[in-house]
Amino acid sequence: MAIQDSKVDRAAHDAMMAAEQEHLSQVYGELLRMRQALSGKLDAIDAEAAADKGLMAEELTLNATSFDEALETYAAINAANRVIEGYNMAAETAQAKLADVELLLRQPYFAKIVLRYGPDKEPRELYIGAAGVADEDFKRLVVDWRSPVAEVYYNQANGPTSYQANGRTIEVDLLLRRQFDIERNVLRACFDTTVAIEDPLLLASLSTERSTHMKAITTTIQREQNAVIRHEDVPVLLVSGVAGSGKTSVLLQRIAYLFYAHRDDLDPDQVHLMSPNPVFTSYIQNVLPEMGERNPHTRTWDQLASDLLPAGMSPGKGDVEVERLYQMDAGVADLHLTQADFAQIAQDGTRFVTPNQVDSLMHRFERVPVGPRRITLVREELLKRFDQRLKRMAASESAAEDLEALSIEEQLRIFHETLHPQTDAEVRELALRLLRDRYADARRAIECDEWLRIDRIAMRLVGATGVAPVEWLYAKMALTGLADAEARYVMIDEVQDYTAAQLACLAKYFRRAHFMLLGDENQAIHDASITFDQASTVFERLCGPVSRCDLMISYRSTPQITALFARLANDEAMQIRSVHPDGPPPAIVACDSQQARYDRVAQLIDEAQDGSGLTAVIVPWKAQLRALRSAFGDRLPIIEDRDSLPEQGVFATTLKLAKGLEFDQVILPDVSSAAYPASDGSRRRLYTAISRATHRVWLLYEGELSAVLSDIGMADTA
């Protein structure tokens, strides 16, 4: 009977595969037809636009001799612009749809749901993919994974359920939840499932070797991850996730979801991602483009701070008391500025702003309290005077002589053409453009309020004889209103590695944005790192209420590796668990000398070269990295700040750069008490380093094993 049942099951599965392959072939054929039609439409739009532009150019009269002719010409130009705008809009719409079709041709869809919208209604089949498309009859071929109805797929429970759409709750009965393994028009496998952790596609994805770039997780988003991705729009969302819980993947999917939810009014330039380091930035750079979306602004704290600080001022560590920053907010309104608080703006020997001028303007606007509004009034007046000064200079004989002396190369660089002025008015206009180019740095200095001595003012605000870079930056924002007012969303990854002062600066600089903070308190590898409670306090003060989500399932490592870093988490309330199949236990290797330890590392390096994916040798600090370079030379490539990960093989790097990344194998070449002394910081660094590994981890030491490991019962295993 069991054999007969097996044959029946197999026959049913074969029939299901055949039916789904037939459907896939139909959808794929329709996608190919859509691509051809859209390409043809774009060619036709280009041809029609070119023809119309030619006709309009011939018909437009630009040398009107009367007021009526001028009005007629103006109306004709407006009409022509509307025609051109219509072509541009049609082309943009077709290009966007073509991009979706091209995306789906790689994998038309990855899931199917069958929904019943009422007891008397026929079930509806919906196929879910990376983008949504409909045929010419407006029948949905594929539903975008970010659409409201797709949420029932990610909720992972068959039976009565609901989703939100257009402000309404829609009740449905989920009859079927099916996953597909598809490449182009070939169906490799399909599974009916209700619980994601048992999903064969997820486990297959987790078992693959790690690569130089992160992959999108759209097909395997889990229920707790989906809750974060589709979370309501709140001022601040704090996501606490254990190592390997998919925090960064969720962050990127959240960005993609926001682009979809606000597709009519959200531009990628309005979204900012604060990256922990440049290597991580390179690691994630392909995820959103592979989902058909553009990358947001991605920078590290150091990069952002360097752009805002004066030239030559390092961003520093940012480990100052945040209360000193709040003291600046309180003190600005009562601040009295004197001539000594102002600086001169000059370029090439020409003075454009003097402290006396600024002082005079400050007195003119003294009825306005000191702060962003008064600074703006003074800045605008200084810029007005600057522009007037350039106009006067442009009318001088020396400006005309400078214009005439320009080489052909200089003319092309500044004006993009060679100069042939015919009248004095043309000479003055060209001379003004030349002066604007020549003194662009002076104008930028005025725009950036460099006529304010922020260091002097900041010291007075906090009652100190010196200020840290983070205090200088906050003082400038408090005094001048320096901010990115266009930013709407800011994502901060590895938030536990920021200081409270750095977070306060980010909250103030992106003052109109909603924030998403992601991290793991157990991965706070710096001594100045803050707790989530401290981070929440900063954002509650400066931005508003903080909502929190927790991700407690680790999808990265084998149960054996997960159990090790879970014990290092030192928090019994954390129920960390792995969904991987079993793997080899972590290997703790005692060595009787430094040379023996290096020999063992060399052996592991050789073994890892044999097609074992990506192997990282991780050390806590740069000093240990230099020691590895001396010991192994070119045999062990070193990854530093500006480098990208290799495609495969072995490399060494610091823990700071390894953060947020994952590797098939991890080698910790020294877990002795000297490298990881008994401290909470050492515990967090070991937790972070070990949790980078997906399949294998080796921990080597000589002398005494770190007490952090011996205290949790670890001992020599090899």
Side-chain angles (χ1 to χ4, degrees), residues 10 13-39 97-114 125-135 140-147 150 153-154 176-193 196 198-222 225 246 249 252-253 256 283-293 555 579 581 611 613-614 647-648 662 664 694:
R10 184 63 188 174
H13 183 268
D14 290 345
M16 176 182 70
M17 285 285 291
E20 293 293 1
Q21 178 62 64
E22 182 180 359
H23 177 82
L24 172 61
S25 298
Q26 292 172 355
V27 171
Y28 198 81
E30 184 61 30
L31 290 171
L32 290 173
R33 286 189 288 273
M34 291 173 69
R35 180 172 67 178
Q36 184 175 9
L38 288 166
S39 297
K97 192 169 183 179
L98 180 59
D100 287 343
V101 170
E102 294 284 6
L103 179 64
L104 293 178
L105 281 170
R106 298 201 295 267
Q107 184 190 45
Y109 46 81
F110 56 81
K112 170 184 177 179
I113 52 176
V114 178
E125 295 183 347
L126 297 174
Y127 288 82
I128 301 171
V133 295
D135 62 17
R140 288 192 291 184
L141 295 176
V142 182
V143 173
D144 194 298
W145 69 273
R146 297 163 290 187
S147 65
Y153 167 75
Y154 292 112
L176 177 74
R177 181 179 181 273
R178 180 169 291 169
Q179 292 178 284
F180 301 106
D181 181 4
I182 290 173
E183 184 176 0
R184 297 192 178 276
N185 62 342
V186 177
L187 174 62
R188 293 177 171 178
C190 63
F191 315 93
D192 290 348
T193 182
E198 297 172 357
D199 287 355
L201 289 183
L202 171 62
L203 298 179
S205 173
L206 296 174
S207 67
T208 59
E209 290 181 351
R210 282 357 191 212
S211 68
T212 183
H213 293 297
M214 188 178 189
K215 304 296 183 184
I217 63 162
T218 309
T219 60
T220 57
I221 293 171
Q222 303 304 292
Q225 296 171 332
S249 295
L252 295 168
Q253 303 288 148
Y283 179 62
I284 64 171
Q285 67 183 354
N286 292 338
V287 176
L288 285 166
E290 286 178 357
M291 291 192 283
E293 302 289 356
Y555 302 97
V579 301
L614 206 53
E647 292 291 337
Q648 59 181 0
E662 57 185 42
D664 297 282
T694 62

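Note that the coordinates shown come from a computational prediction; the quantities given were computed from them, not determined experimentally. Hydrogens, waters and symmetry mates play no part in the numbers below; they use all other heavy atoms, side chains included. Numbers for residues simply follow the sequence, beginning at 1.
The two atoms that bring R106 and E290 nearest to each other are NH2-O, 3.4 Å, heavy atoms only. Residues A131 and L103 approach most closely at CB-CD2, 4.2 Å, considering heavy atoms. Residues A256 and W145 approach most closely at CB-CZ2, 4.0 Å, considering heavy atoms. The heavy-atom pair separating G129 from V142 by the smallest distance is N-CG1, 3.4 Å. Of all heavy-atom pairs spanning D144 and A130, the tightest one is OD2-O, 3.8 Å.
Among residues two or more places apart in sequence or in another chain, the side-chain contact (heavy atoms from CB on, under 4.5 Å) test is passed with Q36 by none. Partners of R140 according to the salt bridge (Lys or Arg N to Asp or Glu O under 4.0 Å) rule, which considers only residues two or more places apart in sequence or in another chain, do not exist here. The side chain to side chain donor-acceptor pair (under 3.5 Å) test applied to D100 returns no partner, not counting sequence neighbours.
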Extract all donor-acceptor atom pairs below 3.5 Å that involve side chains of residues 183-190 and protein atoms in other chains or at least two apart in sequence.
{"unit_1": "E183", "atom_1": "OE1", "unit_2": "R188", "atom_2": "NH2", "d": "2.1"}

Run the side-chain donor-acceptor check on residues 23-32: report pairs under 3.5 Å with partners two or more places apart or on a different chain.
{"unit_1": "S25", "atom_1": "OG", "unit_2": "Q21", "atom_2": "O", "d": "3.0"}
{"unit_1": "S25", "atom_1": "OG", "unit_2": "Q21", "atom_2": "NE2", "d": "3.2"}
{"unit_1": "E30", "atom_1": "OE1", "unit_2": "R33", "atom_2": "NE", "d": "3.3"}
{"unit_1": "E30", "atom_1": "OE1", "unit_2": "R33", "atom_2": "NH2", "d": "3.0"}

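One finds the CG atom of L614 at 6.5 Å from the CG atom of D664 (value rounded to the nearest 0.5 Å). Here CD of E293 is found 4.5 Å from CZ of R146. Values are rounded to the nearest 0.5 Å. Taking OG of S147 as the reference point, atom CD1 of I128 lies at 7.0 Å (rounded to 0.5 Å).
A perpendicular orientation is assigned to the rings of F180 and Y109, their planes being inclined by more than 60° (bins at 30° and 60°).
Identified under the salt bridge (charged side-chain N to carboxylate O under 4.0 Å, His left out) test for residues 13-29, with sequence neighbours left out: R10-D14, E20-K112, E20-R178.
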Checklist entry - Please walk me through it: do R177 and Y153 pass side-chain contact (heavy atoms from CB on, under 4.5 Å)? => result CA-CA 7 Å; R177 181 179 181 273; Y153 167 75; 3.6 Å; yes

